[in-house]
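A short write-up of the structure that comes next.
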Amino acid sequence: MVATGFPAFDTTVDKTNRLLKEIEDAYGWPKERRKQSYAALRAVLHQLRDRLTVDEAVQFGAQLPMLVRGIYYDGWKPAETPVKMHSEEFYQRIRHDFPYAVQGDTEQLVHTVLEALQRHISEGEWDDLRGRMPADLATVIPA
């Protein structure tokens, strides 16, 4: 655990590191590839956020650990959401935002990141998230 001297910061750094480690573990990446797990998390969060309505994005964001919430909201333009996109465009946008080569395809990357996120979100909010997505994107969200 990181010791910043401020308990709320220590907790959020620890939760964020655990989330990133879950992504790394799923791919067998060493900690030295933390930039990749961060880039994957950021790319998926941003496209998910941009697809949701403002209210839905805020409700989902409220569930995230504080530091991850900052990543989620970074660069957000609420007036430009929701961005209507089908699943193929969703994957293309993530591929564009994720500059690393990865084993498997973009769908696997998204699935891995969302599975890690799911462990940090309440079951009710996760079900709401799936329910708010159009049918072809709802299948992207693990049950």
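Quick note: numbers below take in every heavy atom, side chains included, and nothing from hydrogens, waters or symmetry partners.
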Checklist entry - Checking side chain to side chain contact (heavy atoms under 4.5 Å, CB included) for the pair V113/L45: CA distance, chi angles, key distance, verdict? => result CA-CA 9 Å; V113 170; L45 282 174; 5.9 Å; no
Hydrophobic cluster membership, with links at side-chain heavy-atom distances under 4.5 Å among I/L/V/M/F/W/Y: are [X] and [Y] in one?
{"X": "V58", "Y": "I121", "value": "yes"}
{"X": "F98", "Y": "V83", "value": "yes"}
{"X": "V44", "Y": "L67", "value": "no"}
{"X": "V68", "Y": "V13", "value": "no"}

Checklist entry - Between R93 and E89, is there a side-chain N and carboxylate O pair less than 4.0 Å apart? => result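 Between E89 and R93 there is a salt bridge, with a charged N closer than 4.0 Å to a carboxylate O.
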Hey, does [Y] have a side-chain heavy atom less than 4.5 Å from the side chain of [X]?
{"X": "R95", "Y": "V110", "answer": "no"}
{"X": "L129", "Y": "L48", "answer": "yes"}
{"X": "L20", "Y": "W29", "answer": "no"}

Checklist entry - Between the side chains of Q92 and H96, does any donor sit under 3.5 Å from an acceptor? => result no
Item to check | Distance-only side-chain donor-acceptor flag, T53 / E56, under 3.5 Å | outcome: yes
Item to check | Residues which pass side chain to side chain contact (heavy atoms under 4.5 Å, CB included) with P99, listed by chain and number, not counting sequence neighbours | outcome: A39
What's the separation between atom [atom1] in [X] and atom [atom2] in [Y], rounded to the nearest 0.5 Å?
{"X": "L19", "Y": "I71", "atom1": "CG", "atom2": "CD1", "answer": "8.0 Å"}
{"X": "Y73", "Y": "L64", "atom1": "OH", "atom2": "CG", "answer": "7.5 Å"}
{"X": "L137", "Y": "F90", "atom1": "CG", "atom2": "CZ", "answer": "6.0 Å"}
{"X": "D128", "Y": "M133", "atom1": "CG", "atom2": "CE", "answer": "12.5 Å"}
{"X": "T81", "Y": "R49", "atom1": "OG1", "atom2": "CZ", "answer": "8.0 Å"}
{"X": "K84", "Y": "D50", "atom1": "NZ", "atom2": "CG", "answer": "12.5 Å"}

Looking only at heavy atoms, what is the nearest atom pair of [X] and [Y], with distance?
{"X": "E22", "Y": "R119", "value": "OE1-NE, 3.0 Å"}
{"X": "L109", "Y": "A40", "value": "CD1-CB, 3.7 Å"}
{"X": "P134", "Y": "R51", "value": "CG-NH2, 3.0 Å"}
{"X": "P78", "Y": "V54", "value": "O-CG2, 3.5 Å"}
{"X": "T112", "Y": "A26", "value": "CG2-CB, 3.4 Å"}

Could you tell me whether the side chain of [X] and the main chain of [Y] form a donor-acceptor pair under 3.5 Å?
{"X": "Y72", "Y": "A57", "value": "yes"}
{"X": "Q118", "Y": "A143", "value": "yes"}
{"X": "E115", "Y": "P142", "value": "no"}
{"X": "D136", "Y": "S87", "value": "yes"}
{"X": "Y100", "Y": "S37", "value": "no"}
{"X": "T16", "Y": "T12", "value": "yes"}

Checklist entry - Per the side-chain hydrogen bond (donor to acceptor under 3.5 Å, both in side chains) rule, which among H46, R69, R42 passes with D74? => result R42
Checklist entry - Can you say whether the rings of F6 and F9 are parallel (under 30°), tilted (30 to 60°) or perpendicular (over 60°)? => result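 Aromatic pair F6/F9 classed perpendicular.
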Item to check | CA sep, side-chain torsions, deciding dist, call: E24, R34, salt bridge (Lys or Arg N to Asp or Glu O under 4.0 Å) | outcome: CA-CA 7 Å; E24 292 157 7; R34 181 65 41 106; 2.5 Å; yes
Checklist entry - Can you name the ring pair (Phe, Tyr, Trp, His ring centres under 6.0 Å) partners of W126, sequence neighbours left out? => result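 Residues passing ring pair (Phe, Tyr, Trp, His ring centres under 6.0 Å) with W126: none at all.
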